[in-house]
Student: 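Questions regarding the structure given below will be posed in turn.
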Amino acid sequence: MTTTLTNLTLKIWRQDGPGDAGRFETYQIPEISDEASFLEMLDVLNERLIGEGTEPVTFDHDCREGICGTCSLMIDGQAHGPQRGTATCQLHMRKFQSGDTIVIEPWRASAFPIIKDLMVDRSAFDRIVEAGGYISADTGGAPDANLIPIPKPVADAAMDAAACIGCGACVAACPNGAANLFTAAKVTHLNLLPQGQAERFKRVEAMVETMDEYFGSCTNHGECEAACPKEISIDVIALMNADYRKAKFKNRKALSRI
Amino acid sequence: MRDPTGSVWRMAQTLSRGPVTGTAKPAGKRKPFLLDLYSTAVGKKYVMAITGILMILFVVGHMIGNLKMYQGVDADGVYAIDHYGEFLRELLYPLLPKYGALWIMRVGLIVTILLHIHAAYGLTVINRKARPVKYQSPRDYQIASFASRSMRWTGVIVLAFILWHLADLTFGWVNPDFEYGEVYRNIDATLSRWPVAIFYIVANVLLGIHLFHGTWSLFQSMGWNNPRFNPWRRWLAAGVATVIVVGNVSFPIAVLAGIVEHPGVS
Ligand code: HEM
Ligand code: FES
């Protein structure tokens, strides 16, 4: 049954540009359907702001179905808001109540500079993936699919890690601004599979060290896992830590002599 | 979407792309292996974890050794714990000189603790730099425990306690009744003072909190993660913390309750 929420107050972080000082601004939402998604609620607000001739609130979004990783937002102190296992675009207003005050902030990390209002630049993630988040494949005739047997549990574990959509909620939620869950998910999803073995140790070394250039360190708080819209387990971080250790020792003995 | 200011178009454009970093670090520019490893945050966490394990082993051993104070006097009229102190000083004698093994352990522990502190400091600096502008509204933490978020505070207070403890029971500087080698007497002398006893209790409870997170966390840092034993890590951490806190806190309580009492101490 549809109900209508009334009298919502939004406190939204507004910031004109990357270097500018920001501030919270307060907006009223007199009424909104509980079937509206959180982002649709912001759309309604923006329509109104545009109609009033003022600057709409800039925020990131694209697919609006939880698969692209573009949306973000720190909602009431939680990355992607109060609902577990979903991105902001999958959050609906029925999670809130009439009269609520909702505070919306951008992700905050030095590696994610604010572009404007709630939009941040997450290209530091691209740097990490460029360092090793791929496999090298020979060109030529396309091989048949499923030629390489992979045990089902391994395929499942790799798939769980591959579910990462790169939204940055792990960094945003981490008290240390660490990107270990993101990096570990990318490392794990390739390192578990046969196709990823050739570059396994080079990959983990390069990705961890690139991550190090931008992000904080992991204290194993576990906030990233709680914030992850794909509920990726911090077990992948342990796997990355083990592979990084192996990579360092392996490299010393043999790989670095190449 | 229309936007009179045109700012919508800025959405599509990424900021300038940085260089592709990749693996290509010139081989010659690398630091020596261990320093290279330690220069990364993950490497610092290995150091935190390994030094943490060494200190846990030490603290557990230290606590078990101190249980000797409940054994009272031996057949020769000397307190069992005083014998134990002598045993430590003469450990491996005559293979090593007297105090030899003790000093090897001491130096090892000093290096261990300095590494633990240095890595903790380095990680703290990294973390501060990673989020220079804090969230401007209150965070709503989901999982992070009091223990995990207070590691720095519990660590620093434990450090203060360790320094006091050395000045108190190793060197006797802050223990007015101190008699070298008379372990039982010195324990009674210092812990029958209320403020000192309370400091011992508080510091050990904080150490327990530090270890409740630390013992669980070190497996993660080392990558010793196995779904078969993961559920046990919490219990292990709770067990280690409980054993250490219960054992260590019992000592000041035993002194205050008169269970541990030396006739020479008023
Ligand atoms: C001497 C003062 C101490 C300081 C300043 C200190 C500080 C810290 C800090 C800040 C961390 C968290 C690091 C991070 O992940 O960001 C930590 C972790 C840890 N500490 Fe300490 N600590 C001290 C003493 C001790 C002692 C005496 C023990 C053991 C008896 C201990 C055992 C551990 C363990 C096991 C960890 C977890 C390591 C990991 O996460 O891999 N610490 N310490
Ligand atoms: S907009 Fe694509 S995941 Fe939310």
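Labels below follow one simple rule: chain letters A, B, ... track the order of the sequence lines, proteins then strands, and each chain is numbered from 1.
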Student: Answer with side chain, backbone, both or neither: which region of A:R122 has an atom nearer than 4.5 Å to a non-hydrogen atom of chain B?
Tutor: neither

Student: Pick one of side chain, backbone, both or neither for A:M211, based on which atoms fall under 4.5 Å of a heavy atom in chain B.
Tutor: side chain

Student: Enumerate donor-acceptor pairs with a distance under 3.5 Å from any side-chain N or O in residues 107-114 of chain A to protein atoms, sequence neighbours excluded.
Tutor:
| residue | atom | partner | partner atom | Å |
| --- | --- | --- | --- | --- |
| A:W107 | NE1 | A:C167 | O | 2.9 |
| A:R108 | NE | A:E105 | OE2 | 2.5 |
| A:R108 | NE | B:K134 | O | 3.4 |
| A:R108 | NH2 | A:E105 | OE2 | 3.0 |
| A:S110 | OG | B:K129 | O | 2.9 |
| A:S110 | OG | B:A130 | O | 3.3 |

Student: Less than 4.5 Å to any heavy atom of chain B: does that hold for the side chain of A:F215, its backbone, both, or neither?
Tutor: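 The backbone, not the side chain.
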
Student: Within this structure, what is the CG-OG distance for the pair B:L123 and A:S217, rounded to the nearest 0.5 Å?
Tutor: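 Going from CG on B:L123 over to OG on A:S217, the span is 4.0 Å.
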
Student: Mind checking the CD-CD spacing from B:Q142 to A:E225? Nearest 0.5 Å is all I need.
Tutor: 12.0 Å

Student: Stepwise, does the side-chain contact (heavy atoms from CB on, under 4.5 Å) test hold for B:F219 with A:N241?
Tutor: CA-CA 10 Å; B:F219 288 91; A:N241 290 345; over 6 Å; no

Student: Taking the inter-plane angle between the rings of A:F249 and B:F33 on a 0 to 90° scale, is it parallel (under 30°), tilted (30 to 60°) or perpendicular (over 60°)?
Tutor: perpendicular

Student: Which atoms of A:D212 are under 4.5 Å from chain B, going by heavy atoms: the side chain, the backbone, both sets, or neither?
Tutor: side chain

Student: Mind checking which of residues 39-56 of chain B sit less than 4.5 Å from chain A, heavy atom to heavy atom?
Tutor: B:S39, B:T40, B:A41, B:V42, B:K45, B:Y46

Student: In terms of heavy-atom contacts, does CZ of A:F24 have more than 12 from other residues, nucleotides or ligands at under 6.0 Å?
Tutor: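 Enclosed.
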
Student: Got more than 12 heavy atoms from elsewhere within 6.0 Å of NE2, B:H165?
Tutor: yes

Student: After noting the C-alpha distance and the side-chain angles of B:Q136 and A:V103, does the key distance pass the side-chain contact (heavy atoms from CB on, under 4.5 Å) rule?
Tutor: CA-CA 10 Å; B:Q136 306 292 303; A:V103 185; over 6 Å; no

Student: Look at atom CZ of B:R128 and say whether more than 12 heavy atoms of other residues, nucleotides or ligands are closer to it than 6.0 Å.
Tutor: no

Student: Check whether A:P106 gets within reach of chain B through its side chain, its backbone, both or neither, counting any heavy atom under 4.5 Å.
Tutor: backbone

Student: If you count heavy atoms of other groups shown closer than 6.0 angstrom to CZ of B:F229, is the number above 12?
Tutor: yes

Student: Which one, B:A147, B:S145, B:S217, leads in non-hydrogen pairs under 4.5 Å with chain A?
Tutor: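 Ranked by contacts with chain A, first place is B:S217.
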
Student: Could you tell me which of A:A227, A:A226, A:P175 has the largest number of non-hydrogen atom pairs under 4.5 Å with chain B?
Tutor: A:P175

Student: Looking at chain A, which one of B:T124, B:V125, B:V133 has the largest number of heavy-atom pairs inside 4.5 Å, strictly under?
Tutor: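 With the most close heavy-atom pairs to chain A, the winner is B:V133.
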
Student: Roughly how far, to the nearest 0.5 Å, is CZ of B:R152 from OG1 of A:T219?
Tutor: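 One gets 6.5 Å once the value is rounded to the nearest 0.5 Å.
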
Student: Between the side chain of A:E223 and the main-chain N/O of B:A144, is any donor-acceptor distance below 3.5 Å?
Tutor: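 It does hold such a pair.
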
Student: Contact part of B:R149 toward chain A, heavy-atom cut-off under 4.5 Å: side chain, backbone, both or neither?
Tutor: both

Student: What part of A:A173 lies closer than 4.5 angstrom to a heavy atom of chain B: side chain, backbone, both or neither?
Tutor: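 For A:A173, the contact with chain B is made by backbone and side chain together.
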
Student: What part of A:A179 gets closer than 4.5 Å to chain B, counting heavy atoms only: side chain, backbone, both or neither?
Tutor: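 The answer is neither part of A:A179.
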
Student: Among A:G22, A:A178, A:C174, single out the residue with the greatest number of heavy-atom pairs under 4.5 Å to chain B.
Tutor: A:C174

Student: Report the distance from atom CG of B:N225 to atom CE of A:M240, rounding to the nearest 0.5 Å.
Tutor: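 Taking CG in B:N225 and CE in A:M240, the distance rounds to 12.5 Å.
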
Student: What are the two closest heavy atoms between B:H213 and A:N220, and how far apart are they?
Tutor: CE1-O, 3.2 Å

Student: Does any heavy atom of chain A fall under 4.5 Å from the side chain of B:N226, the backbone, both, or neither of them?
Tutor: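 For B:N226, no heavy atom lies under 4.5 Å from chain A.
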
Student: Taking B:N127's backbone N and O only, do any of them form a donor-acceptor pair with A:N176's side chain (distance below 3.5 Å, no angle check)?
Tutor: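 Flag not set: sc A:N176 to bb B:N127 has no pair under 3.5 Å.
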
Student: For a 4.5 angstrom cut-off between non-hydrogen side-chain atoms, does B:Q220 reach A:I234?
Tutor: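 B:Q220 reaches A:I234 side chain to side chain.
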
